[in-house]
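Report on the structure given below.
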Amino acid sequence: MEKLLIIGCKKAMDTVCVGCSRCLIAFNRRVGEFSGYRDQDAQLIGLASCGDCPGSTLVPRLAVMKLCDAPLGDEPTKIHLAPCLLNSCPHIDSISPKLDAKCGIEIVRGTHPYGIQRVFGE
């Protein structure tokens, strides 16, 4: 069974994501980067932020998460990076290689396909 962790941008998660509903809806519907789990048993076991700019606390935060979750016997088998982190973070080019080097599991770039098409006008 796949056990998934989503990581997003702290600033976006606290202000514009409204509970990160698009990532959660995409997981439940198995669309976007979650479409690969359509015929699999998969669980979303966490939704975490990068820890704030410049993302330097993300790897230590994941280590603490692993330590805290160890008694529960669950840990992620894959990490998905949310669009708020991939598309808006000025530090993604330094965060991404650290995750690749330190996590030891697959890092999937993306979650949902839902973008804001237009805010004003027709």
Side-chain angles (χ1 to χ4, degrees):
M1 173 187 302
E2 294 288 0
K3 297 189 182 254
L4 311 176
L5 171 65
I6 297 172
I7 298 174
C9 167
K10 181 179 183 345
K11 288 180 175 22
M13 291 170 78
D14 287 350
T15 57
V16 298
C17 272
V18 192
C20 301
S21 63
R22 290 179 176 209
C23 287
L24 299 177
I25 289 168
F27 173 76
N28 289 334
R29 293 180 179 175
R30 301 297 201 266
V31 297
E33 272 63 44
F34 298 121
S35 64
Y37 310 111
R38 207 172 270 140
D39 298 322
Q40 293 184 45
D41 199 9
Q43 292 180 343
L44 182 59
I45 63 168
L47 181 61
S49 79
C50 63
D52 212 353
C53 292
S56 58
T57 62
L58 179 54
V59 170
R61 291 180 83 237
L62 292 174
V64 169
M65 179 183 285
K66 180 177 180 172
L67 181 66
C68 289
D69 290 348
L72 304 175
D74 268 339
E75 65 179 52
T77 58
K78 290 184 183 176
I79 293 174
H80 280 258
L81 302 182
C84 58
L85 191 64
L86 291 171
N87 301 332
S88 302
C89 176
H91 307 286
I92 192 63
D93 290 337
S94 65
I95 293 171
S96 192
K98 289 177 191 170
L99 290 173
D100 290 334
K102 298 292 184 180
C103 285
I105 60 174
E106 183 179 351
I107 309 296
V108 179
R109 279 136 180 90
T111 59
H112 66 76
Y114 312 119
I116 297 172
Q117 300 304 315
R118 187 176 310 189
V119 176
F120 300 108
E122 292 185 37

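Scope of the values below: all heavy atoms of this structure, side chains included, with no hydrogens, waters or symmetry mates.
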- [ ] Please name all residues satisfying side chain to side chain contact (heavy atoms under 4.5 Å, CB included) with Lys3, sequence neighbours left out, ordered by chain then number.
- [x] Met1, Gln43, Ile45, Asp74, Thr77
TODO: Enter the distance from Cys103:SG to Ile79:CD1 here, rounded to the nearest 0.5 Å.
DONE: 4.0 Å
Task: Heavy-atom pair with the smallest gap, counting every atom of Arg30 and Ala42 - done: NH2-O, 3.4 Å
Task: Heavy-atom side-chain proximity of Val31 to Pro113 below 4.5 angstrom - done: yes
Open item on the list: Working to the nearest 0.5 angstrom, can you tell me the gap between Lys10 NZ and Arg61 CZ?
Closed with: 8.0 Å
Open item on the list: Checking the side chain of Arg29 only, and the main-chain atoms of Ala26 only, is there a donor and an acceptor separated by less than 3.5 Å?
Closed with: no
Task: NZ on Lys102 to CG on Leu62, rounded to 0.5 Å - done: 12.5 Å
Task: Minimum side-chain heavy-atom gap Ile105-Glu75 below 4.5 Å - done: no
- [ ] Check Cys9 against Cys84 and note the closest heavy-atom contact, atom names and distance.
- [x] N-SG, 3.2 Å
Task: Nearest heavy atoms of Gly8 and Ala82, plus distance in Å - done: CA-CB, 3.9 Å
Open item on the list: To the closest 0.5 Å, what do you measure between NZ (Lys11) and SG (Cys53)?
Closed with: 4.0 Å
Task: In one Ile/Leu/Val/Met/Phe/Trp/Tyr side-chain cluster, 4.5 Å: Leu86, Ile107 - done: yes
Task: Same apolar cluster: Ile7 and Ile95, side chain cutoff 4.5 Å - done: yes
TODO: Quick one: which residue pairs count as a ring-ring contact (aromatic ring centres under 6.0 Å, His included) with a foot in residues 88-110, not counting sequence neighbours?
DONE: none
Task: Exceeds 12 heavy-atom contacts within 6.0 angstrom, atom CG of Asp39 - done: no
Open item on the list: Quick one, Leu4 with Phe34, criterion side chain to side chain contact (heavy atoms under 4.5 Å, CB included). Give me CA distance, side-chain angles, the key distance, then yes/no.
Closed with: CA-CA 10 Å; Leu4 311 176; Phe34 298 121; 4.1 Å; yes
TODO: To the nearest 0.5 Å, tell me how far Leu85 CG sits from Thr111 OG1.
DONE: 10.0 Å
- [ ] Return the minimal non-hydrogen interatomic distance between Ala48 and Met65, and the atom names on each side.
- [x] CB-CE, 3.8 Å
Task: Between CG on residue Leu99 and OG on residue Ser94, distance to nearest 0.5 Å - done: 10.0 Å
- [ ] Compare every heavy atom of Lys78 with every heavy atom of Glu106, then report the nearest pair and how far apart it is.
- [x] OE1-CE, 3.1 Å
Open item on the list: If you define the side chain from C-beta out and look only at heavy atoms, does anything of Ile25 sit under 4.5 Å from Tyr114?
Closed with: yes
- [ ] Tell me whether Leu5 is reachable from Leu24 by hopping between hydrophobic residues (I, L, V, M, F, W, Y) whose side-chain heavy atoms are closer than 4.5 Å.
- [x] no
- [ ] Classify the angle between the aromatic ring planes of His80 and Tyr37 as parallel (below 30°), tilted (30 to 60°) or perpendicular (above 60°).
- [x] perpendicular
